[in-house]
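Working notes, beginning with the structure itself.
Numbers restart at 1 for each chain; the letters A, B, ... are given by sequence-line order, proteins then strands.
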Amino acid sequence: MTNAAFDAVELHRRDLRRPFPRRFRARLTGQTVLTLARRAKYLLAGLSSSETLLMHLGMSGSFSVESQDALSAAAPFEAGLHDHVVFHMSSGATIAYNDPRRFGVMDLLTAAELATHPVLSKLGPEPLSPAFDALALARACKGKTTSLKAALLDQRVVAGLGNIYVVEALHRAGLSPQRRASTIATPSGLPRDAAGRLAAAIKRVLEEAVARSLDADAYRSSRFRVYDREGERCPRSGCSGVVRRRAQGGRSTFYCPACQV
DNA sequence: ATTGAGACCTGTCGGC
DNA sequence: TGCCGACAGGTCTCAA
């Protein structure tokens with residue numbers, strides 16, 4: 001959608017998780033999208049005004065795109081339930097943001113606000129980038145008394161991991177979700193073996209997820225190795241453990257007590 | 001500063 | 001069938 005401009009913007013509420021910024025429609029209308037990027041779980045659209053449209057899908061947000069030829073004067077776009085924002089683009093496309101739980105976010109940031117953003121500016125490395133490795137992970141976990149599970153969900157340690165992929169990566173690495181984060185590093189922040197295994201497991205889990213997401217059938221039918229598999233046999237070859245579930249920080253953790261140490 | 005618990009919302013699913 | 005509680009892939013805030 002780069003190079004398309006916002007011809008019109010419909011706003012059907014004044015807030016999602018937070019209020020929309022002041023003059024949201026006026027500031028967006030007429031602007032051209034020059035760049036599209038992702039950082040952690042945020043989407044960033046760079047605008048011709050040099051502002052940035054920041055978007056987050058929360059838990060239940062989604063975008064749908066209707067092309068020009070799917071719509072007509074006789075049957076124009078009609079916002080459905082939970083279609084909170086609708087973008088009418090100069091390309092003819094209509095883009096609707098739907099979000100039943102409204103945990104999503106949209107904001108408009110000036111270049112200065114983007115650079116100093118209290119969340120964005122503190123995000124950790126992208127897990128699939130070379131900057132994320134055993135050393136980076138060890139440094140970030142050094143001295144942390146919290147659990148490995150909580151540390152990996154902390155977007156300042158590594159950016160973009162959510163509950164499922166943290167659970168999957170910890171199983172892949174053979175590390176207990178309850179284990180103290182500091183134990184994967186030496187006191188000076190150098191990586192122990194566990195840090196290398198964990199960094200590699202995170203990359204592998206995400207690479208596989210990306211590959212699956214490119215195949216609609218594989219994606220729909222896909223399940224995970226331990227997530228949502230309470231009571232099933234541990235999938236690790238040679239392990240005869242049973243997957244357990246427990247609450248950690250209010251969210252479900254799935255793990256094998258036999259092979260995750 | 002760090003940490004853990006609770007809050008924010010609506011929809012869906014399983015059990016009675 | 002309908003009702004009810006538990007739970008959902010994410011942050012943020014607050015209190016210790």
B/S/- along nucleotides 11-16 of chain C (protein heavy atoms under 4.0 Å) is BS----
Rounded off to whole Å, could you give me the OH-to-C1' distance for the Tyr165(A) and dG10(C) pair?
15 Å
Around Arg27(A), counting heavy atoms of other residues, nucleotides and ligands shown, do more than 12 lie under 6.0 Å from its CZ?
yes
Let's see if you can work this out: which of dG4(B), dT3(B), dA8(C) has an atom nearest to the side-chain heavy atoms of Lys144(A)?
dT3(B)
Could you check which residues of residues 77-86 of chain A get a heavy atom under 4.0 Å from DNA chain B? Sort them by number, please.
Leu81(A), His82(A)
In whole angstroms, the gap separating P of dT3(B) from CG of Leu148(A) amounts to 12 Å
Closest to the side chain of Phe103(A), out of dG10(C), dT10(B), dC7(C), is dG10(C)
Counting any heavy atom closer than 4.0 Å, what does Ser60(A) reach on the DNA or RNA strands: base, sugar-phosphate only, or nothing?
nothing
Choose from dT10(B), dC9(B), dA8(C) the nucleotide whose nearest atom is closest to any side-chain atom of Pro100(A).
dT10(B)
Mind checking Arg245(A) for me? I need base, sugar-phosphate or nothing, with any heavy atom below 4.0 Å counting as a touch.
sugar-phosphate
Rounded distance (Å) that lies between atom P of dC9(B) and atom CG of Asp99(A)
12 Å
Could you give all pairs that pass the salt bridge (charged side-chain N to carboxylate O under 4.0 Å, His left out) test and reach residues 116-135 of chain A, with sequence neighbours left out?
Arg38(A)-Glu126(A), Arg39(A)-Glu126(A)
Do Arg101(A) and dC9(B) have a side chain to base donor-acceptor pair shorter than 3.5 Å?
yes
Nucleotide-level pairing of DNA chain C, given in dot-bracket where Watson-Crick and G-U pairs need both distances under 3.5 Å and | marks other strands
.|||||||.|||||||
So ring pair (Phe, Tyr, Trp, His ring centres under 6.0 Å) across residues 26-79 of chain A, not counting sequence neighbours, yields Tyr42(A)-His56(A), Phe63(A)-Tyr97(A)
Partners of Arg13(A) by salt bridge (charged side-chain N to carboxylate O under 4.0 Å, His left out), sequence neighbours excluded?
Asp15(A)
Give Gly58(A) one of three labels, base, sugar-phosphate or nothing, depending on what nucleic acid heavy atoms sit under 4.0 Å from its own.
sugar-phosphate
